[in-house]
Engineer: 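My questions all concern the structure below.
Chain letters run A, B, ... following the sequence lines, proteins first, then strands; residues in each count from 1. Note that this is a predicted model, so its numbers are computed, not measured.
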Amino acid sequence: MSGTKPRTLYDKIFDAHLVETLPDGTALLYIDRHLVHEVTSPQAFEGLRMAKRPVRRLEGTVAVVDHNIATDASRYTGIDDPESRVQVETLERNVKEFNVPYIPLTDARQGIVHVIGPEQGLSLPGMTIVCGDSHTSTHGALGALAFGIGTSEVEHVLATQTLLQKRAKNMRVTVEGALPAGCTAKDIVLAIIGKIGTAGGNGHVIEYAGSTIRALDMAGRFSVCNMSIEAGARAGMIAPDQTTFDYVKGRPHAPKGEYFDRAVEWWKTLPTDEGAVFDKEVFLDAAEIVPMVSWGTSPEDVLPITGTVPNPEEGADEARRAQLRRMVDYMGLTPGQKLTDLKVDVVFIGSCTNSRIEDMRAAAAIARGRRVAEGVRAMVVPGSGLVKLQAEQEGLDAVFKEAGFEWREAGCSMCLGMNPDKLTPGQRCASTSNRNFEGRQGPGGRTHLCSPAMAAAAAVTGRLTDVREIAEGKH
Amino acid sequence: MDAFTTLTGIAAPLPMANVDTDKIIPARFLKTIARTGLGKSLFANLRYREDGSENPDFVLNQEPYRHAEILVTHENFGCGSSREHAPWALLDFGIRCVIAPDFADIFHNNSFKNGILPVRLPREVCDQLMEDARLGGNARLTVDLERQVVVRPNGEEISFEIDPLRRHLLLNGLDDIGQTMQKSASIDGFETKQRAAQPWLYGAAQQEERTAS
């Protein structure tokens, strides 16, 4: 496999983890890191129990609770929702029974699985990383092959530390140039999804490349790779470089001393070879990116904040027109309406897309010295206990609280409507999360995806707002 | 997992593209620790009104589609999350086959693990089958995995492609964990090699550090 043919980053990591190729070409792929959470694991552990199988490699596995839990102080006195409580208690029983390393709710390191993996150095460049969650693509920002799996595959990895995989196609998205003022990694990835569509990456692994991507810090890279799945790609990756190595160095589970140097030596061989062929190539000029916001109920339905609600009757065919009508109706919009005229009820800053310290800082920069608009509920939910601590050391919690934002405990929170943080029917939310599907943040809720700075701007003006106007002192 | 060989049944038409996993089963129903019992929550936000009553406009609330075993739909079915609750909910409702122009990758994969057959056919063929499905109970479709054909009510046969290994596992109702367990010597061998090349992946890093200091 390793001959002289130029290979992509994806090919190299795939090849390095190939245990065996089955006669029909299916690969048995070794998995270095398996992250487990409460929602997609109970049936997998039950399967192991029934088949009397142990977890094959405990040190390759780590479990945490994030989806189901409340993000206020009530979580420390027990979970109110009986079903959520059963699910969390089931995970706790399972990790005990199978001896799986576990980060409990009361641990400062607890947080969203896709924030704490990299934060703890559990996720490293060159690794294969899986989790029963589609946003596992996040970890690909380290130059790893990371993707979401279903519960049957969770059981397969627990039992065998491998997965049966078909090789995916290679796709490269190249973004070149300096990012305009007011734009962030989130705007890049929303622009990419808007361009290629929500099925644009189906069957592919996306490598993000180009000067704009290389200039991003790790938080920005995580945001970009996180939303690969919203473009249909199970995995997104960015070649590891000095930014990556500096990020990894010194993290609790990262290699130390001489091992770190040896690891870096290997990681430096991973970037895509000159001349490697991609099945699909997409190019974006960073200069054309503007602060983005989603208007519909699919992540591909994004527009520049300066845009207006589309007219469904201009859809390409009847199926698309019907889809657009449904979206306009569900979202409570009027064709031609300016996006900046849309009033918000709720602002959510958090989720595995945008809950790192850099995201907190970007939101705080807008919140500082301003007030959350009358009638708006604005919440800030750090991605991990450690992000929360660091933000508090930097005084960001005080900035948020003074401005009227809620400052909460780490968890998935209002990204997905399965814990107490939910929208009520008809509520409109500016959200830094990743999905604007119907009912995603709660039945009948209306989600507008945007960057942390844009979400904070919406909080202080009470409507979707072009963050560049804040910088210009217009609000 | 139940084997899938041939299925003849009522097909429900769902002419929507990008049906996401939150539509198939909203997150509030993922709090179960079982694989069964999710059928009543399938498509909950489309199927029930706010007061919990059935929405009569939704296809699965209409006769004969309450008994559908096949779903015919549009592009990118199952996009979104990795929740296997989506195929579990379909299965628990009684749907064992979904026909669409294409599927989101993770959903596609999860379906096979649960004895659900996702059939990819071109959009215009799906539209034809959707017309058949609209004829209701007298117009059953047959999906024959052995012969890799969908048989229309008029007897016309439409062939479909499927990965041979997946076909084999489905036809025989095989669990792939058992199969992989037979490769344990190979996996041991991989770990031995990897441990030598990258000892830091094997918990040695911190120990080394402690020894060194």
Side-chain angles (χ1 to χ4, degrees), chain A residues 19-20 22 24 26 28 30 32 39-40 42-43 46 51 53 59 68 81 83-84 86-87 90 127 132-134 148-153 155-156 159-162 164 166 198-199 202-203 229 232 234 253-257 259 263 266 298 319 323 416-418 425 435 437-440 443-444, chain B residues 15-18 20-23 26-28 30-35 45 50 74-76 79-85 87-88 102-107 109-110 113-114 163-165 176-178 180-181 183-184 186-187 189-191 194 197-206 208-209 212:
Chain A
V19 175
E20 203 176 288
L22 306 186
D24 78 318
T26 303
L28 188 62
Y30 193 78
D32 293 322
V39 180
T40 56
Q43 296 86 352
E46 180 64 15
R53 288 168 178 153
E59 67 177 339
N68 252 319
D81 181 278
E83 287 176 300
S84 292
V86 167
Q87 214 166 43
T90 302
M127 271 186 168
D133 189 282
S134 61
I149 56 178
T151 298
S152 295
E153 289 183 317
E155 187 180 338
H156 195 282
T160 70
Q161 206 59 35
T162 64
L164 290 165
K166 289 275 185 212
T198 188
N202 279 7
I229 186 67
R234 279 180 84 172
H253 292 269
K256 306 280 189 311
Y259 279 161
W266 184 57
S298 168
Q323 191 185 30
L416 85 166
M418 76 174 298
R435 290 194 176 127
F437 298 154
E438 284 181 26
R440 170 75 179 183
Chain B
M16 289 174 119
N18 298 330
D20 56 70
T21 49
D22 279 84
K23 259 201 194 92
R28 61 186 182 280
L30 310 188
K31 297 183 184 186
T32 172
I33 57 168
R35 289 173 197 249
N45 289 348
E50 252 176 71
H74 281 160
E75 288 81 2
N76 201 29
C79 61
S81 93
S82 65
R83 60 188 69 161
E84 202 156 314
H85 309 70
W88 293 339
D102 58 24
F103 296 87
D105 291 342
I106 304 179
F107 175 84
N109 213 24
N110 285 342
K113 311 278 183 198
N114 291 282
D163 175 79
L165 178 65
D176 51 20
I177 296 177
T180 302
M181 297 288 278
K183 309 272 181 200
S184 62
S186 237
I187 302 169
F190 178 91
E191 284 176 338
Q194 194 192 44
Q198 301 176 63
W200 57 86
L201 294 179
Y202 288 79
Q206 284 114 320
E208 281 297 314
E209 184 70 6

Engineer: With the side chain counted from C-beta on, respond yes when Ser81(B) and Asp133(A) share a heavy-atom pair under 4.5 Å apart, and no when they do not.
Structural biologist: no
Engineer: Who among Ala159(A), Ala51(A), Ala319(A), Pro443(A) has the most heavy-atom pairs with chain B under 4.5 Å?
Structural biologist: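 With the most close heavy-atom pairs to chain B, the winner is Pro443(A).
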Engineer: Does any heavy atom of chain B fall under 4.5 Å from the side chain of Thr198(A), the backbone, both, or neither of them?
Structural biologist: both
Engineer: If you count heavy-atom pairs within less than 4.5 Å of chain B, which of Ser152(A), Gly232(A), Pro42(A) leads?
Structural biologist: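 Most heavy-atom pairs within the cutoff with chain B belong to Ser152(A).
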Engineer: May I ask you to name which of Glu153(A), Gln161(A), Glu46(A) has the most heavy-atom pairs under 4.5 Å with chain B?
Structural biologist: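 So the answer, after comparing Glu153(A), Gln161(A), Glu46(A), is Glu153(A).
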Engineer: Between Lys183(B), Arg83(B), Met16(B), which residue shows the highest count of heavy-atom pairs closer than 4.5 Å to chain A?
Structural biologist: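 If we count pairs closer than 4.5 Å to chain A, Lys183(B) comes out on top.
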Engineer: Less than 4.5 Å to any heavy atom of chain A: does that hold for the side chain of Glu75(B), its backbone, both, or neither?
Structural biologist: neither
Engineer: Checking Lys113(B) against chain A: side chain, backbone, both or neither under 4.5 Å from a heavy atom?
Structural biologist: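 Both parts, heavy atoms under 4.5 Å.
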Engineer: Is it the side chain or the backbone of Ile149(A) that comes within 4.5 Å of chain B heavy atoms, both, or neither?
Structural biologist: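 When you check distances to chain B, only backbone atoms of Ile149(A) fall under 4.5 Å.
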Engineer: With a 4.0 Å cut-off, would you call Arg234(A) and Asp105(B) a salt bridge?
Structural biologist: no
Engineer: Under 3.5 Å, is there a donor-acceptor pair linking the side chains of Asn202(A) and Asn76(B)?
Structural biologist: yes
Engineer: What part of Asp24(A) gets closer than 4.5 Å to chain B, counting heavy atoms only: side chain, backbone, both or neither?
Structural biologist: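 The answer is the side chain of Asp24(A).
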Engineer: Using atom types as modelled and distance alone, determine if a side-chain donor or acceptor of Lys31(B) lies under 3.5 Å from a backbone N or O of Met418(A).
Structural biologist: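 Indeed, once roles are kept as given, a pair shorter than 3.5 Å links the two residues.
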Engineer: For chain B, find which of Gly203(A), Gly417(A), Gly150(A), Ser298(A) contributes the most heavy-atom pairs closer than 4.5 angstrom.
Structural biologist: Gly150(A)
Engineer: Looking at His156(A), Met127(A), Glu83(A), which makes the most heavy-atom pairs under 4.5 Å with chain B?
Structural biologist: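 Counting heavy-atom pairs under 4.5 Å, the top option is His156(A).
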Engineer: Does the pair Lys256(A) and Trp200(B) meet the rule for a side chain to side chain contact (heavy atoms under 4.5 Å, CB included), with working shown?
Structural biologist: CA-CA 8 Å; Lys256(A) 306 280 189 311; Trp200(B) 57 86; over 6 Å; no
Engineer: Would you say the side chains of Gln198(B) and Asp32(A) form a donor-acceptor pair under 3.5 Å?
Structural biologist: no
Engineer: Would you indicate whether the side-chain heavy atoms of Arg440(A) and Asp20(B) approach each other to under 4.5 Å?
Structural biologist: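 Of all side-chain heavy-atom pairs linking Arg440(A) with Asp20(B), none is under 4.5 Å.
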Engineer: With heavy-atom distances below 4.5 Å as the criterion, would you say the side chains of Lys23(B) and Phe437(A) are in contact?
Structural biologist: no
Engineer: Considering only heavy atoms, which portion of Thr151(A) lies under 4.5 Å from any heavy atom of chain B: side chain, backbone, both, or neither?
Structural biologist: both
Engineer: Heavy-atom distance under 4.5 Å to chain B: side chain of Gln43(A), backbone, both or neither?
Structural biologist: both
Engineer: Between Ala17(B), Ala27(B), Cys79(B), which has the largest tally of heavy atom pairs under 4.5 Å with chain A?
Structural biologist: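 The option with the most such pairs is Ala27(B).
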Engineer: What part of Arg435(A) gets within 4.5 angstrom of chain B, counting heavy atoms only: side chain, backbone, both, or neither?
Structural biologist: side chain
Engineer: Which bit of Phe103(B) is near chain A, if near means a heavy-atom gap under 4.5 Å: side chain, backbone, both or neither?
Structural biologist: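 For Phe103(B), backbone heavy atoms alone lie under 4.5 Å from chain A.
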Engineer: Less than 4.5 Å to any heavy atom of chain A: does that hold for the side chain of Asp176(B), its backbone, both, or neither?
Structural biologist: both
Engineer: Treating Gln87(A) as the side-chain partner and Leu30(B) as the backbone partner, does any N or O pair qualify as donor plus acceptor under 3.5 Å?
Structural biologist: yes
Engineer: Under a 4.5 Å heavy-atom cut-off, does chain B meet the side chain of Thr160(A), its backbone, both or neither?
Structural biologist: both
Engineer: Specify which of Pro425(A), Gly439(A), Gly444(A) makes the most heavy-atom pairs with chain B at under 4.5 Å.
Structural biologist: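 Option with the top pair count is Pro425(A).
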Engineer: Can you tell me which portion of Ala34(B) sits under 4.5 Å from chain A's heavy atoms? Options are side chain, backbone, both or neither.
Structural biologist: backbone
